[in-house]
Amino acid sequence: MDRQIIQPRTLKGFTDVLPAAGQYRRRMLRVIEETFCSFGFDPIQTPNVEYAEILKGKGGGDNDKQMFEFRDAGGRDVALRFDLTVPLARFVAQHGSRLTMPLRAYNIGYVFRGDRPQKGRYREFLQCDADIIGETDVSADAEILAIAQAALTRMDFGRFVVRVNNRRMVNGLLNGLDLGDRITPVLRALDKIDKIGPAGVTAELAQVEVDAAVVERILAVLAARGETNEATFAAVADLVDSAEAEAGLEELRTILDLVVAAGGDPDVVRFDPSIVRGLDYYTGMVYEIGFVEAPEVGSVGGGGRYDNLTGLYTRSRFPGVGGTIGVTRLMSALESLGRIRDAERQRPLVVVTRGNQEDQIADARLAASVRETGLFDVDLYPGAARHAAQMKYADGRGAMFVLTLDDPTTVSVKELRSGDRTSIAVEQVADLLPKLAGISRS
RNA sequence: GUGGCUGUAGCGCAGCGGUCUAGCGCACCGGGUUGUGGCCCCGGGGGCGGCGGUUCGAAUCCGCCCAGUCACACCA
């Protein structure tokens with residue numbers, strides 16, 4: 001009788017969410033959605049799977065190699081989305097006439113990349129995008145930064161830094177340096193400054209044969225990062241001489257002023273000239289969110305302005321700006337900080353144990369009456385295990401109270417932390433529990 | 001895609017050529033004790049990633065495969 005056991009396992013880069021972590025994820029999503037809505041964004045959704053040609057769009061890029069692509073049963077060439085921005089471009093091009101412009105929409109969903117997984121990197125991860133489409137004015141850029149900061153602050157997980165730059169500034173700078181087709185490797189080197197240091201950047205640039213004088217110039221801009229945004233602006237302004245770069249710098253200054261006006265903290269939203277970002281569709285402002293306490297998991301969000309993205313799908317022009325918060329990344333950050341231990345609940349948990357099997361109806365009524373307060377999560381013990389086992393269960397779940405009916409009209413309330421126990425009439429439970437818990441219904 | 005490291009119970013580990021009928025902690029199951037749980041006591045199930053090779057003898061050495069993991073490239 002040796003039954004074949006199928007080994008339980010998940011695909012490389014795909015992962016389960018256990019109950020304790022699930023509570024944290026729920027809190028993140030709740031805060032994010034509330035924040036997005038409070039900025040006047042509406043929820044939208046696009047499918048996980050699209051025609052491959054939609055997602056590959058411009059073709060050839062690095063993204064194509066990372067895409068999960070296959071044929072469906074009807075022989076269509078399809079793929080799983082690798083971000084939420086490209087599908088949004090398709091969405092806007094397809095429904096443009098029915099949308100009120102400028103469109104403010106947020107989209108929460110899983111994206112897929114056939115990357116090699118490592119710390120904080122998965123092949124399936126949850127992103128929360130917010131975008132403003134149909135507006136070129138930089139006040140939209142500022143809204144996106146403000147919304148990101150607001151969401152992360154409200155989550156209250158620790159310190160974040162939103163590092164902002166402007167591609168126009170960078171392009172203006174590099175165009176004046178006669179780099180030709182070496183711009184891309186130069187951008188990459190720039191982006192790595194914090195990881196490999198100035199010497200590392202110099203070494204990389206030497207590999208693509210950039211003049212020493214030019215390297216020095218680039219490093220000077222990077223080194224210009226000051227203690228305050230003003231200091232950074234002043235330092236970069238001294239080094240920049242092209243009209244485009246100056247315009248980009250001015251634009252960025254306006255954006256950051258607006259963010260501060262909207263309640264943003266200039267110590268959190270920082271001008272950082274090393275931020276360039278890899279995705280090639282960005283045309284203006286770009287930013288990246290770092291979680292200060294867990295830098296090793298990488299950035300927990302990012303975004304920027306993309307003014308040409310819908311051009312692939314329509315002749316109408318829909319400039320856009322948007323960004324994402326990476327929930328999966330945040331989860332690994334909390335995990336690596338050892339913060340995800342017991343399920344942290346929004347509301348205290350109450351376990352109603354099954355006192356005696358004859359009274360299941362009374363147990364159910366009791367549970368319902370406590371749920372109605374809206375102040376507790378109530379777990380009615382299913383089944384009729386030994387009472388000791390039920391207590392152990394309640395303890396393991398981190399319950400605050402255990403309720404056990406002594407008889408149909410009397411219930412004993414036990415506070416697990418202190419061990420105190422009292423017997424009261426069932427009608428009084430809904431009033432007593434909030435008092436014991438120190439919470440009020442308001 | 002490139003490179004390093006690792007694969008022993010559900011999880012975390014010890015064992016590194018014979019003393020291993022492979023052990024420890026946690027978890028799980030049964031029971032005892034107990035103030036309706038946390039502690040303690042007794043008992044129980046379950047494992048050397050796979051295939052070859054070296055050897056009198058392999059969890060232990062070698063090779064290949066598979067898997068995991070970390071780093072790079074890129075990125076949330």
Side-chain angles (χ1 to χ4, degrees), chain A residues 5 7-16 18 28 32 61-67 81-85 108-129 148 152 160 184-185 187-189 191-192 195-196 200 204 275-280 282 286-291 294-304 323-333 336 351-356 381 385-406 411-423:
Chain A
I5 298 291
Q7 193 196 19
R9 56 187 181 148
T10 51
L11 276 173
K12 185 203 280 287
F14 291 75
T15 185
D16 295 322
L18 274 62
M28 286 178 203
I32 289 168
D62 267 332
N63 293 328
D64 292 13
K65 277 193 302 192
Q66 302 193 337
M67 235 158 45
R81 60 187 177 188
F82 63 88
D83 73 3
L84 297 174
T85 308
I108 294 175
Y110 283 95
V111 302
F112 306 83
R113 292 180 197 174
D115 236 356
R116 274 241 187 155
Q118 53 185 274
K119 193 188 281 293
R121 305 179 69 169
Y122 299 87
R123 290 184 162 181
E124 174 189 52
F125 54 97
L126 190 57
Q127 287 198 316
C128 305
D129 271 38
L152 292 165
F160 292 91
T184 306
L187 286 178
R188 280 186 193 154
D191 205 40
K192 280 193 270 184
K195 208 165 185 176
I196 63 180
E204 283 222 12
I275 298 295
V276 293
R277 295 185 58 78
L279 293 178
D280 40 9
Y282 291 120
V286 286
Y287 74 94
E288 213 164 276
I289 305 169
F291 185 23
E296 74 277 4
V297 300
S299 72
V300 295
T324 194
I325 294 174
V327 169
T328 308
R329 267 279 164 86
L330 275 172
M331 293 296 295
S332 8
S336 96
V351 172
V352 174
T353 59
R354 176 131 318 159
N356 76 65
Y381 193 89
R386 284 171 26 243
H387 198 260
Q390 296 185 56
M391 289 303 295
K392 197 172 174 183
Y393 165 84
D395 187 53
R397 291 218 58 196
M400 183 180 269
F401 298 111
V402 173
L403 305 184
T404 309
L405 282 171
D406 299 329
V411 61
S412 81
V413 176
K414 176 150 185 169
E415 186 176 1
L416 282 189
R417 205 193 162 92
S418 63
D420 297 343
R421 183 157 59 116
T422 46
S423 271

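Every heavy atom of this structure was used, including side-chain atoms; hydrogens, water molecules and symmetry mates were not. In what follows, chains carry the letters A, B, and so on, assigned in the order in which the sequence lines appear, proteins first and then strands, with residues in each chain numbered from 1.
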Using a 4.0 Å heavy-atom cut-off, does [X] contact any base of the nucleic acid, only the sugar-phosphate backbone, or nothing at all?
X: A/Ser412; result: base
X: A/Gln127; result: sugar-phosphate
X: A/Arg116; result: base
X: A/Tyr122; result: base
X: A/Gly301; result: sugar-phosphate

Distance check needed: [N] [atom2] versus [X] [atom1], whole Å only.
X: A/Lys392; N: B/C28; atom1: NZ; atom2: C1'; result: 9 Å
X: A/Leu84; N: B/A76; atom1: CG; atom2: C1'; result: 10 Å
X: A/Leu416; N: B/C39; atom1: CG; atom2: P; result: 13 Å
X: A/Arg9; N: B/C66; atom1: CZ; atom2: P; result: 13 Å
X: A/Gln118; N: B/C75; atom1: CD; atom2: C1'; result: 10 Å
X: A/Arg113; N: B/A73; atom1: CZ; atom2: C1'; result: 14 Å
X: A/Phe291; N: B/C75; atom1: CZ; atom2: C1'; result: 19 Å
X: A/Arg121; N: B/G68; atom1: CZ; atom2: C1'; result: 17 Å

Sticking with atom P, work out how far B/C64 lies from B/U69, rounded to a whole angstrom. 22 Å
Using the P atoms only, state how far B/G4 lies from B/G12, rounded to an integer number of Å. 25 Å
Pair assignment for [N], Watson-Crick or G-U wobble, requiring both distances under 3.5 Å:
N: B/G43; value: B/C29
N: B/C48; value: none
N: B/A59; value: none
N: B/G23; value: B/C13
N: B/C72; value: B/G1
N: B/C66; value: B/G7

The test is side-chain contact (heavy atoms from CB on, under 4.5 Å); show your working for A/Phe291 and A/Val297 and say whether it passes. CA-CA 9 Å; A/Phe291 185 23; A/Val297 300; 5.7 Å; no
Whether A/Lys119 and A/Glu296 form a salt bridge (side-chain N of Lys/Arg under 4.0 Å from carboxylate O of Asp/Glu) is what I want to check. no
What about [X], does its side chain sit under 3.5 Å from the base of [N] through a donor-acceptor pair?
X: A/Asp395; N: B/G37; result: yes
X: A/Lys414; N: B/G37; result: yes
X: A/Arg277; N: B/C75; result: no

Does A/Leu84 form a side-chain contact (heavy atoms from CB on, under 4.5 Å) with A/Val111? I'd like the steps, not just the answer. CA-CA 7 Å; A/Leu84 297 174; A/Val111 302; 3.8 Å; yes
Candidate nucleotides B/A76, B/C72, B/G31, ranked by approach to the side chain of A/Arg329 - the nearest: B/A76
Between B/G37, B/A76, B/C72, which one does the side chain of A/Thr324 approach most closely? B/A76
After noting the C-alpha distance and the side-chain angles of A/Met391 and A/Leu416, does the key distance pass the side-chain contact (heavy atoms from CB on, under 4.5 Å) rule? CA-CA 9 Å; A/Met391 289 303 295; A/Leu416 282 189; 3.8 Å; yes
Under 4.0 Å from OP1 or OP2 of B/U69: is there any side-chain N or O of A/Lys12 that close? no
In terms of ring plane angle, is the pair A/Tyr381 and A/Tyr393 parallel, tilted or perpendicular, where the classes change at 30° and 60°? perpendicular
For A/Asp406 against A/Val411, the heavy-atom pair lying closest together: OD2-C, 4.0 Å
